[in-house]
Amino acid sequence: MAFLEIIGLNKCFGDLSVLKDVNLTVNKGEIVSIIGSSGSGKTTLLRCLNLLESVDQGEFLLDGEVMFSGSIAKTSEDEKRKKQLKIGLVFQTFNLFPHYSVLQNVCLPPELLIKESLSKKAQKRGNAEIYKGVTEFYFGSTQPTKDDYKINILEKGKELLTNVGLDSKINAYPHQLSGGQQQRVAIARALALNPALLCFDEPTSALDPELTGEVLKAIRSLKSKDRTMIIVTHEMSFAKSISDMVVFMADGIIEEMGTPSEIFDNPKSQKLKNFLSSITNENGE
């Protein structure tokens with residue numbers, strides 16, 4: 001069974017059809033890069049997968065669980081939140097809290113979540129299942145207590161920051177970091193909720209060219225057989241080198257998909273050929 005399945009996804013904004021019958025299957029541990037011109041539907045697809053946008057038609061399954069079937073408006077807020085925790089999204093902009101340190105920025109989401117899970121209100125409503133994936137990431141099968149949960153989160157936060165090469169910056173504040181370092185903090189923050197699927201929406205688009213490499217290196221270091229990633233990117237060489245599959249979108253549809261070699265070295269669609277030609281011309285190669 002595929003780890004991720006998108007079946008017949010359609011999305012309109014008013015009279016504008018943005019996604020048209022999108023179908024995609026991804027296996028666990030695979031990295032899929034989505035490429036295409038601006039306005040082709042790439043970011044809208046990610047936002048639908050993260051339940052930030054409703055859909056008009058279609059299904060999305062993750063690890064056998066139906067994340068949505070038709071509009072997410074039919075899903076209760078508790079159920080929607082539970083599902084959103086399974087998917088991490090790193091945006092183009094960093095969205096860090098300027099008054100919090102690097103470590104605090106990473107640790108705040110799980111700290112608030114686990115604190116909420118320990119509240120009397122959550123216990124009374126029986127919402128333990130919503131927080132299960134996050135609490136197990138930090139405590140295994142042990143039930144956290146109000147006295148020890150912050151210690152575990154801080155240690156895991158330091159570990160995540162080390163993994164993206166920022167162990168020396170844990171006490172720094174966002175304004176003391178370069179754009180590339182801030183984006184790596186954002187990546188660690190997304191990982192702090194232990195998502196089953198990690199998505200990136202053009203993670204280097206807000207960076208100067210000299211800072212792009214360090215972010216791409218950090219993303220590359222996350223590749224493992226247990227981590228599934230979808231990356232919307234304009235970095236063609238990166239997509240070619242890191243991806244198990246590359247998806248080319250045009251006019252709201254998946255125009256062509258295949259291995260990096262098939263997409264970049266032997267494109268079949270005329271639209272893909274034109275796109276790759278335009279990228280080559282922009283780079284002056």
Side-chain angles (χ1 to χ4, degrees), residues 2-6 19 22-47 49 87-92 163-165 179-180 183-184 186-187 190-191 195 197-285:
F3 184 70
L4 182 156
E5 292 180 90
I6 302 170
L19 297 175
V22 172
N23 295 276
L24 181 63
T25 299
V26 181
N27 294 320
K28 189 175 181 64
E30 285 188 333
I31 295 180
V32 176
S33 291
I34 303 179
I35 63 173
S37 302
S38 297
S40 59
K42 307 183 303 296
T43 293
T44 300
L45 177 58
L46 285 194
R47 289 182 61 83
L49 296 185
I87 307 168
L89 177 59
V90 178
F91 296 90
Q92 297 178 26
N163 291 344
V164 295
Q183 188 63 294
R184 283 188 279 158
I187 293 171
L191 292 170
L197 173 66
L198 185 58
C199 301
F200 297 85
D201 184 15
E202 298 182 14
T204 61
S205 66
L207 302 178
D208 294 331
E210 63 268 23
L211 300 177
T212 295
E214 65 185 61
V215 173
L216 298 182
K217 181 180 178 181
I219 296 173
R220 195 186 304 275
S221 72
L222 301 177
K223 185 171 185 176
S224 77
K225 62 182 178 64
D226 295 321
R227 179 170 288 123
T228 307
M229 294 190 279
I230 297 180
I231 307 170
V232 169
T233 182
H234 287 301
E235 301 289 337
M236 297 300 110
S237 60
F238 176 68
K240 186 174 183 178
S241 65
I242 197 174
S243 305
D244 297 291
M245 178 168 62
V246 178
V247 172
F248 170 63
M249 292 190 67
D251 303 318
I253 68 170
I254 293 180
E255 178 75 16
E256 191 170 337
M257 69 175 81
T259 64
S261 178
E262 289 170 337
I263 293 297
F264 292 106
D265 300 330
N266 190 29
K268 297 178 176 60
S269 161
Q270 188 59 49
K271 288 183 180 180
L272 175 56
K273 292 176 181 179
N274 292 343
F275 172 75
L276 294 176
S277 176
S278 69
I279 293 295
T280 300
N281 291 337
E282 285 177 9
N283 293 336
E285 298 175 355

Undergrad: Is any side-chain heavy atom of T204 less than 4.5 Å from a side-chain heavy atom of F238?
TA: no
Undergrad: Just do the side chain to side chain contact (heavy atoms under 4.5 Å, CB included) check on L216 and T212 with the steps written out, would you?
TA: CA-CA 6 Å; L216 298 182; T212 295; 3.7 Å; yes
Undergrad: Do the non-hydrogen side-chain atoms of K217 and R184 ever get within less than 4.5 Å of each other?
TA: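 Result no, sub-4.5 Å side-chain heavy-atom pair not found.
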Undergrad: To check you understand the geometry: which heavy-atom pair defines the closest contact between V90 and A190, and what is its length?
TA: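 Of all heavy-atom pairs spanning V90 and A190, the closest is CG2-CB, 3.8 Å.
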Undergrad: Measure the OG-CE distance between S33 and M245 for me, rounded to the nearest 0.5 Å.
TA: 10.0 Å
Undergrad: What verdict does the side chain to side chain contact (heavy atoms under 4.5 Å, CB included) test give for F248 and K271, after you've listed the backbone C-alpha separation in whole Å, the side-chain angles of each residue and the deciding distance to 0.1 Å?
TA: CA-CA 9 Å; F248 170 63; K271 288 183 180 180; 4.0 Å; yes
Undergrad: Determine whether E256 and I263 make a side-chain contact, defined as any pair of heavy atoms from C-beta on separated by less than 4.5 Å.
TA: yes
Undergrad: Please identify which of these residues, I230, V232, I187, meets the side-chain contact (heavy atoms from CB on, under 4.5 Å) condition with F200.
TA: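 Checked I230, V232, I187 against F200; only one passes side-chain contact (heavy atoms from CB on, under 4.5 Å): I187.
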Undergrad: Could you report the tightest heavy-atom contact between G179 and L211, atom names first, then the distance?
TA: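 Taking G179 first and L211 second, the nearest heavy atoms are N-CD1, 3.9 Å.
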Undergrad: Testing the basics here: between V215 and G180, what is the closest heavy-atom pair and its distance to 0.1 Å?
TA: CG2-O, 3.6 Å
Undergrad: Output, in order, the C-alpha distance, side-chain angles, deciding distance and verdict of side chain to side chain contact (heavy atoms under 4.5 Å, CB included) for L222 and L191.
TA: CA-CA 10 Å; L222 301 177; L191 292 170; 3.7 Å; yes
Undergrad: How many angstroms lie between atom CG of L207 and atom CD of E202, to the nearest 0.5 angstrom?
TA: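 Between atom CG of L207 and atom CD of E202 there are 11.5 Å.
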Undergrad: Mind checking the CE-CD1 spacing from M257 to I35? Nearest 0.5 Å is all I need.
TA: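 Nearest 0.5 Å value for the CE-CD1 distance: 12.0 Å.
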Undergrad: Hey, could you give me the CD1/OG distance between I34 and S243, rounded to the nearest 0.5 Å?
TA: 10.0 Å
Undergrad: For residues A239 and F264, report the shortest heavy-atom separation together with the two atoms involved.
TA: CB-CZ, 4.2 Å
Undergrad: Go through it in stages, so that I can follow the logic: the residues are E30 and L4, the test is side chain to side chain contact (heavy atoms under 4.5 Å, CB included), and I'd like the CA-CA distance, side-chain angles, deciding distance and then a yes or no.
TA: CA-CA 10 Å; E30 285 188 333; L4 182 156; over 6 Å; no
Undergrad: With the side chain counted from C-beta on, respond yes when L49 and L89 share a heavy-atom pair under 4.5 Å apart, and no when they do not.
TA: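 Contact flag for L49/L89 side chains = no.
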Undergrad: Is there side-chain contact between M249 and L19, with heavy atoms separated by less than 4.5 Å?
TA: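 Sidechains of L19 and M249: in contact.
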Undergrad: Is the shortest distance from a Lys or Arg side-chain nitrogen in D265 or K240 to a carboxylate oxygen in the other one below 4.0 Å?
TA: yes
Undergrad: Quick check: does any side chain N or O of S277 sit under 3.5 Å from a backbone N or O of N274, one acting as donor and the other as acceptor?
TA: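 Side chain of S277 to backbone of N274, a donor-acceptor pair under 3.5 Å: no, none is there.
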Undergrad: Do E214 and Q183 touch side chain to side chain, with heavy atoms closer than 4.5 Å?
TA: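 Side chain of E214 against side chain of Q183, heavy atoms only: no contact under 4.5 Å found.
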Undergrad: Any chance you could measure T25, atom OG1, to E5, atom CD, to the nearest 0.5 Å?
TA: 5.5 Å
Undergrad: CD1 of I242 to CD1 of I31: how many Å apart, nearest 0.5 Å?
TA: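 One gets 4.0 Å once the value is rounded to the nearest 0.5 Å.
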Undergrad: State, with a plain yes or no, whether a side-chain heavy atom of S241 is found less than 4.5 Å away from one of R220.
TA: yes
Undergrad: Looking at S40 and S37, would you say the former's side chain and the latter's main chain have a donor-acceptor pair under 3.5 Å?
TA: yes
Undergrad: At their closest point, which heavy atom of A2 faces which heavy atom of N27, and how far apart are they?
TA: CA-OD1, 3.9 Å
